[in-house]
Amino acid sequence: MTGSASMSPRSVLQPVTWLRIAIIVLVLLVWEAVAASGLLYRDVVPSLIAIGKSLFELLAFPDMPVRIDVDVFVFRIDQAVRIPHVYWHLYTTCYEIIVGTLIGGLAGLIVGIALGGSRLLRRAYEPMLYYFGPCPKIIFFPLMIMWFGVGPGSKIAMGAVSCFFPVALNVAGGMREIDQILIRVGRSFRANTWQMVTKIYMPAMRHPIINGLRLGFGVALIGTLLAETKLSNRGIGFLVIQAYTQFNMPLMYSLLIVLFVLAIGANALIGRFGGLDEIKRK
């Protein structure tokens with residue numbers, strides 16, 4: 001057997017991978033060319049070196065004092081340290097997005113199952129979801145401020161409202177695609193509502209649920225960041241609008257890179273833990 005024949009198909013980059021790499025390289029080259037040309041206003045498109053330097057300083061420069069006070073077995077740690085301030089803001093944003101996604105996703109799952117399982121509820125309320133779903137959720141932010149205050153509560157509420165609609169619509173559509181034979185089998189065994197949901201409905205529509213969560217997470221991220229840019233003194237959205245106000249473009253692009261990596265990682269985790277790759281292979 002020759003060496004080329006013994007190579008695993010996964011050991012060689014696929015054409016799609018080469019195409020992705022080529023597109024990324026092309027975008028970076030065009031970006032650097034525009035930055036060097038001076039066609040746009042100064043620093044609107046900073047060089048890649050300036051962005052990289054700003055990103056390194058953002059992630060590595062410890063400029064925020066933090067006190068650590070914890071008990072580890074019989075030892076007590078009480079020490080003041082300094083960390084990059086972006087991590088504190090990143091923690092705030094991640095907390096708001098995760099809690100908002102969980103609340104909105106769970107509410108969307110319940111409503112979607114209810115709409116998909118009842119023809120009366122579907123006819124009465126599903127059109128409302130289609131009407132309100134495309135509306136920009138930022139219009140509800142003044143209400144969120146009045147109801148939940150200016151702290152993280154209003155941002156979590158924005159994330160929950162944003163996440164609710166994609167999950168509810170995907171789950172309701174998935175309920176209609178379930179094989180009726182599975183439903184009749186569950187009823188023939190006299191399964192109660194909880195058993196039907198956990199044993200029949202959710203396993204049969206795993207793909208719509210995962211897609212709904214991925215879409216919901218994306219819009220929850222957007223809603224939370226928009227809320228942070230409007231009224232907040234913490235979070236990545238606050239840092240982005242602060243960098244924009246100060247016209248610190250390298251810092252702003254560095255923060256956008258952090259958000260980009262965060263969104264990609266979260267979507268990959270949702271797909272991996274939800275078994276989306278296995279579903280696609282089938």
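Keep in mind it's a predicted model, so treat the numbers as computed, not measured.
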Do you know the tightest heavy-atom contact between Ala243 and Met249? O-CE, 4.5 Å

Classify the angle between the aromatic ring planes of His89 and His85 as parallel (below 30°), tilted (30 to 60°) or perpendicular (above 60°). perpendicular

Roughly how far, to the nearest 0.5 Å, is the CD1 atom of Ile210 from the CG atom of Asn267? 12.0 Å

Could you give all pairs that pass the salt bridge (charged side-chain N to carboxylate O under 4.0 Å, His left out) test and reach residues 182-203, with sequence neighbours left out? none

My understanding is that a hydrophobic cluster links ILVMFWY residues whose side chain heavy atoms are under 4.5 Å apart, including indirect links. Using that, what else belongs to the cluster containing Trp194? none

Between Val219 and Gly216, which heavy-atom pair has the shortest distance, and what is it? CG2-O, 3.2 Å

Are Val161 and Met144 close enough that some pair of their side-chain heavy atoms sits under 4.5 Å apart? yes

Taking only residues two or more places apart in sequence or in another chain, which ones pass side chain to side chain contact (heavy atoms under 4.5 Å, CB included) with Pro136? Ile138, Ile139

Is it true that Leu55 and Val45 fall in one hydrophobic cluster, defined by side-chain heavy atoms closer than 4.5 Å? yes

Can you confirm whether Leu231 sits close enough to Phe141 that some side-chain heavy atom of one is under 4.5 Å from a side-chain heavy atom of the other? yes

Which atom names give the shortest non-hydrogen contact between Pro166 and Asn170, and what distance separates them? O-ND2, 2.8 Å

Heavy-atom closest pair (Gly174 atom, Pro208 atom, distance to 0.1 Å) is CA-CG, 3.9 Å

More than 12 heavy atoms of other groups within 6.0 Å of Ile49 CD1: no

Give, for atom CG of Leu239 and atom CG of Leu256, the distance between the pair rounded to the nearest 0.5 Å. 11.0 Å

Compare every heavy atom of Pro152 with every heavy atom of Arg234, then report the nearest pair and how far apart it is. NH1-CG, 4.2 Å

Is the count of non-hydrogen atoms from other residues, nucleotides or ligands lying under 6.0 Å from Met196 atom CE greater than 12? yes

Same apolar cluster (I L V M F W Y, side chains within < 4.5 Å links), Ile222/Leu143: yes

Measure the spacing between CZ of Arg214 and SG of Cys163 and express it to the nearest 0.5 Å. 13.5 Å

Give me each pair satisfying side chain to side chain donor-acceptor pair (under 3.5 Å) with a member in residues 136-163, each pair once, sequence neighbours excluded. none

Roughly how far, to the nearest 0.5 Å, is the CG atom of Leu255 from the CZ atom of Phe238? 11.0 Å

Shortest non-hydrogen contact between Tyr244 and Met252, atoms and distance: CB-SD, 3.9 Å

Under the 3.5 angstrom rule, does the side chain of Ser118 hit a backbone N or O of Leu115 as a donor-acceptor pair? no

Test: salt bridge (charged side-chain N to carboxylate O under 4.0 Å, His left out). Region: residues 111-123. Which pairs qualify, not counting sequence neighbours? none

Indicate, with yes or no, if Leu129 and Leu109 share a hydrophobic cluster defined by side-chain heavy-atom contacts under 4.5 Å among Ile, Leu, Val, Met, Phe, Trp and Tyr. no

By ring-ring contact (aromatic ring centres under 6.0 Å, His included), which residues pair with Tyr253, not counting sequence neighbours? Trp31

What pairs with Ser254 under side chain to side chain donor-acceptor pair (under 3.5 Å), at least two apart in sequence or on another chain? Ser54

Could you check if a side-chain atom of Ile183 sits within less than 4.5 angstrom of a side-chain atom of Tyr201, using non-hydrogen atoms only? yes

Are any non-hydrogen side-chain atoms of Gln242 and Thr229 less than 4.5 angstrom apart? no

For the hydrophobic clusters of this structure (ILVMFWY residues joined by side-chain heavy atoms under 4.5 Å, transitively), does one cluster hold both Phe132 and Tyr130? yes

So, applying side-chain contact (heavy atoms from CB on, under 4.5 Å) with Tyr131, which one of Pro127, Cys135, Pro134 is it? Pro127

Pairs satisfying salt bridge (charged side-chain N to carboxylate O under 4.0 Å, His left out), at least one member in residues 169-183, at least two apart: Glu126-Arg176

Can you list everything that forms a side chain to side chain contact (heavy atoms under 4.5 Å, CB included) with Phe56? Sequence neighbours excluded, please. Ala60

Determine the sole option in Val27, Leu28, Leu26 for which the side-chain contact (heavy atoms from CB on, under 4.5 Å) test with Val30 is passed. Leu26

Restricting to side chain to side chain donor-acceptor pair (under 3.5 Å), what partner residues turn up for Thr93, sequence neighbours left out? Glu228

Are Phe164 and Val111 packed together at the side-chain level, in the sense that at least one heavy-atom pair is separated by less than 4.5 angstrom? yes

Starting from Ile110, walk the hydrophobic network (Ile, Leu, Val, Met, Phe, Trp, Tyr; side-chain heavy atoms closer than 4.5 Å) and list everyone else you reach, by chain and number. Leu106

Is Tyr87 reaching over with its side chain to a backbone N or O of Leu59, donor-acceptor style, under 3.5 angstrom? yes

What's the separation between atom CD1 in Ile97 and atom CG in Leu221, rounded to the nearest 0.5 Å? 4.5 Å

Does any part of the side chain of Ile51, heavy atoms only, come nearer than 4.5 Å to the side chain of Leu251, both counted from C-beta? no

Under 4.5 Å between side-chain heavy atoms, counting indirect links through other Ile/Leu/Val/Met/Phe/Trp/Tyr residues: same cluster for Val240 and Tyr91 or not? no

Please tell me if the side chains of Ile98 and Phe217 come closer than 4.5 Å, counting only heavy atoms from C-beta onward. no

Does any part of the side chain of Leu262, heavy atoms only, come nearer than 4.5 Å to the side chain of Ile236, both counted from C-beta? no

d(Leu269 CG, Ile264 CD1) to nearest 0.5 Å is 12.0 Å

Decide yes or no on side-chain contact (heavy atoms from CB on, under 4.5 Å) for Ile113 and Met205, but give the supporting numbers first. CA-CA 10 Å; Ile113 291 175; Met205 56 178 183; 3.7 Å; yes

Just to verify, what does Leu213 make a side chain to side chain contact (heavy atoms under 4.5 Å, CB included) with, not counting sequence neighbours? Val167, Ile209, Ile270

Would you say Ile181 has more than 12 foreign heavy atoms packed within less than 6.0 Å of its CD1? no

